[in-house]
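In listed order, ligands and their atoms are each counted from 1. Hydrogens, waters and symmetry mates play no part in the numbers below; they use all other heavy atoms, side chains included.
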Amino acid sequence: MTEAAECPAQPIVDRAVAPEGLLAWEHQRFGRVTNELGLDPATVCALHCAARSLIVELPLIRDDGSMAVFTGYRVQHSTALGPAKGGTRFRPGVALDDVTALARLMTWKTALHGLPFGGAKGGVDCDPRDLSPRERHEVTRLYTLAILPTIGPDVDVPAPDIGTDEQTMAWMLHAAAEAGHRDPAIVTGKPVLLGGSLFRAASTGVGVAHVAQRAWEHLGGTIAGARVAIEGFGSVGYWAAAELHDRGARIVGVGDITGAIVDPAGIEPAEVRAWITAGNDLVDFPRADVVDGPVLGVDCDIVIPAALEGTLTDEVAARLCARLVVEGANGPTTPAAERVLRERGIPIVPDLMANGGGVISSYFEWAQNHQRMVWTETDERRRVLARLDRTWESLAAEAPVRWRDHALGLAITRITDAMALAGSVVSNHSGIGT
Ligand code: NAD
């Protein structure tokens, strides 16, 4: 394994990168892989820099008559393979660095799965739980109007992410339509009634579960009876838990922002979801014990971090009991944790691979909108899982310690080849094949 190397693009990035955080981790991984591919510095620069970074201010008149101004972002990292594509998160502390790193991750992810998209990400630095429904609607409307000149079905297609959902996408769609851009393909993750796909809501989590099963079986395990712990019980974590439960796995621990619960005999995901939907905290769920510390440390076979970036730290990695990590979230494992896990022989299925079901389903939603077609849920599910299988086969041929770098290398090679065909870079990579 090549040691982390300085990213050759570093000197031309026009602002300082904090030494820790998603952007720094992404720099390290990108630098290591582009060095391995033998790319020249100009190509590395062209690959690494975002095509467009937009910062917008959103002045909101609050329900009590006071005024608040929120900052929003949209970063389009690459359009080399097609329109930029990526989620929109409403979360306190959202900042340009994280959004930029997440936009890059989207570029690598769409390329890895062979989708005709580039990468983007957006967000607003706000706490949606502190906003009334009217305020959330208004922030969404203001944000959509502010970024509208730079998005569109063939330019950049937003989707939901942390703190946003299909209601947010419905509001974005409506704001764009009122401004004269009436096309359902302008966002994905919409309600079905407004042109959303029947499988989109479950797609990321079901895909994570499917990839977890493939990886576990690749390592010699059997999914029936496998013990799984999942951090995050939102749209990714819940659907991953429900699907793995349906496939016979035992969900022994789940955690969210309120804490974590464990039951070695198995937790019913649907019961926990009903409990939370009724307005209760996960940590108060009556039919399980409360865990002291992150759920990732509980005794199990497979852990799925599906909450936030950076939750699987080196300290957590040192205490992990599991024999496989499947990244449901984007960027949950820090490079320091990765080193610990490598030394301990615990493989990681990287985010690019594991949570790709969501953007594959978004692609199918976008394609159905373009064709004015509606596929059945069964048909779309089959196609999403088949696409994940295809990508998985190209990863599984590699040693587990190579999974992240190989996935990134495949993605970067495809993008470099597309840029070379377009005449925007000189191709000189020592490629690892498309
Ligand atoms: P979500 O907002 O629906 O759920 C997030 C979950 O994480 C919630 O259960 C929340 O309580 C929990 N959480 C928040 N802070 C936590 C903490 N400190 N410790 C433990 N749990 C915590 O978000 P989501 O859409 O499920 O996204 C989760 C992750 O998956 C993010 O990294 C996102 O970028 C990534 N992802 C999402 C999709 C998608 O389709 N939604 C697709 C690909 C990747």
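In this comparison of Val254, Val236, Asp351, the heavy atom closest to atom 38 (C) of ligand 1 sits on Val236.
You'll find the ring centres of His77 and Trp108 inside the 6.0 Å limit.
Ligand 1 has a nitrogen or oxygen under 3.5 angstrom from a nitrogen or oxygen of Ile257. For ligand 1, the polar-atom distance check finds no N/O of Asn355 at less than 3.5 Å from any of the ligand's N/O atoms. Every N/O-N/O distance between Lys121 and ligand 1 stays at or above 3.5 Å. Taking any N or O of Ala329, backbone or side chain, none lies under 3.5 Å from an N or O belonging to ligand 1. Where the criterion is an N or O separation shorter than 3.5 Å, residue side chain and backbone included, Leu308 fails it with respect to ligand 1. Annotation: Glu231 places no N or O atom under 3.5 Å from an N or O atom of ligand 1; distance criterion only.
Heavy-atom contacts of Ile162 reach the following atoms of ligand 1: 2 (O), 23 (O), 27 (O), 31 (C) (cutoff under 4.0 Å). Those atoms of ligand 1 that come under 4.0 Å of a heavy atom in Arg200, given as number and element, are 40 (O). Atoms of ligand 1 lying under 4.0 Å from at least one heavy atom of Ser235, given by number and element, are 3 (O), 24 (P), 25 (O), 26 (O), 41 (N). Close approach to Gly163 involves these atoms of ligand 1, each under 4.0 Å from a residue heavy atom: 2 (O). Heavy-atom proximity to Gly328, at under 4.0 Å, picks out these atoms of ligand 1: 30 (O).
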> Hey, mind stepping through Phe117 and Trp366 against ring-ring contact (aromatic ring centres under 6.0 Å, His included) and telling me if it holds?
Replying inline: CA-CA 11 Å; Phe117 283 134; Trp366 178 83; 4.8 Å; yes
> After noting the C-alpha distance and the side-chain angles of Asp156 and Lys85, does the key distance pass the salt bridge (charged side-chain N to carboxylate O under 4.0 Å, His left out) rule?
Replying inline: CA-CA 6 Å; Asp156 177 8; Lys85 184 86 193 78; over 6 Å; no
> Going through the distances and angles, do Asp161 and Thr88 end up as a side chain to side chain donor-acceptor pair (under 3.5 Å)?
Replying inline: CA-CA 5 Å; Asp161 194 69; Thr88 308; over 6 Å; no
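Residue contacts with ligand 1 do not include Thr311, since none of its heavy atoms lies under 4.0 Å from the ligand. Distances shorter than 4.0 angstrom do not occur between any heavy atom of Glu309 and any atom of ligand 1. At least one heavy atom of Ala307 lies less than 4.0 angstrom from ligand 1.
Ion pairing of Glu243 with Arg381 is present here, as a side-chain N (NZ or NE/NH1/NH2) and a carboxylate O approach within less than 4.0 Å. Using a 4.0 Å cut-off between charged nitrogen and carboxylate oxygen, Arg287 and Asp263 do not count as a salt-bridge pair. Salt bridge status for Lys109 with Asp351: absent, with no side-chain N to carboxylate O gap under 4.0 Å.
Scanning all protein heavy atoms for the shortest distance to atom 39 (C) of ligand 1 gives Thr204 OG1, 3.5 Å.
Put simply, the side chain of Glu327 does not reach to within 4.5 Å of the side chain of Leu352, judged on heavy atoms.
Side-chain N or O atoms of Arg91 include none that pairs as donor or acceptor with a backbone N or O of Asp127 at under 3.5 Å.
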